[in-house]
Novice: 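Before I ask anything, let me first share the structure, which is written out below as structure tokens.
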Amino acid sequence: MVATWTESLDVVINLFQTDWNRANTSNIRPVVIDIADTSPERGKRLDLQRHDYVLCYETAHNEEAPELFYDFVTSRINITVDMRTIKGRKHLQALENEVRRVVHSKRKGDGVSFDRLVFKTRTDLSDRSKQLFRMTFQIEVVILAEAIP
């Protein structure tokens, strides 16, 4: 049996790319990328003068087995969303509100690839001396009763 659902990281990235409302962030759409999927010539350099960035990566994958039936597991995948801008604190807050809006709008899942989307934590990592405004979020993707292959 081969998994046919979309990977959790791809689900989160697709949500940000398709459901992002530019009107909520000063008509600016950030570049949303998976940090493990950048092309070799690009490297890890980000041109913050031209774009805002939302970097996504998976940080944990946990499975819970129920007590009675061992044919299914509940999967919990933690995705870290690292958001960066140099446009100021107010713009960072607008980006944060849009991330929260997108996550909460899909919190009930799509019934195909995931069942729950949980906004867990937020950490402000801004460095005002370098004019880098940065915030990270932990988002949990929950898949209930996933069949064990």
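FYI, the numbering just counts along the sequence from 1. Keep in mind that this is a model prediction, so the values were computed, not measured.
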Novice: Tell me whether Arg134 is salt-bridged to Asp127, with the criterion being a basic N under 4.0 Å from an acidic carboxylate O.
Specialist: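 No, no charged N to carboxylate O under 4.0 Å.
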
Novice: Working to the nearest 0.5 angstrom, can you tell me the gap between Gln131 CD and Ser126 OG?
Specialist: 10.0 Å

Novice: With rounding to the nearest 0.5 angstrom, report the CG to CG distance, Leu55 to Leu46.
Specialist: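 Between Leu55 CG and Leu46 CG, I get 5.5 Å after rounding to 0.5 Å.
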
Novice: Taking the six-membered ring of Phe133, is the NZ or CZ of Arg84 close enough (under 6.0 Å from the centre) and on axis enough (within 45°)?
Specialist: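 The answer is no, since Arg84 fails at least one limit relative to Phe133.
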
Novice: Determine the minimum heavy-atom distance between Ile28 and Asp52, stating which atoms define it.
Specialist: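 Looking at all heavy atoms of both residues, the closest pair is CG2-OD2, 3.7 Å.
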
Novice: Among Asp19, Val54, Asn24, find the one that has a side chain to side chain contact (heavy atoms under 4.5 Å, CB included) with Glu98.
Specialist: Asn24

Novice: Would you say that His51 contacts Asp47 through its side chain, given a criterion of any heavy-atom pair below 4.5 Å between the two side chains?
Specialist: no

Novice: Do you see a donor-acceptor pair shorter than 3.5 Å between the side chains of Thr74 and Glu63?
Specialist: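 There is no such pair between these side chains.
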
Novice: Under 4.5 Å between any side-chain heavy atoms of Cys56 and Phe16, yes or no?
Specialist: yes

Novice: Is Asp124 salt-bridged to Arg122, going by a charged N under 4.0 Å from an acidic O?
Specialist: no

Novice: Heavy atoms, side chains only, cut-off 4.5 Å: are Thr136 and Leu125 in contact?
Specialist: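 Thr136 vs Leu125: side chains touch.
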
Novice: Which atom names give the shortest non-hydrogen contact between Ile139 and Val103, and what distance separates them?
Specialist: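 Ile139 and Val103 have their closest heavy atoms at CD1-CG2, 3.5 Å.
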
Novice: Check the side chains of Asn78 and His61 for a donor-acceptor pair under 3.5 angstrom, ignoring hydrogens and angles.
Specialist: no

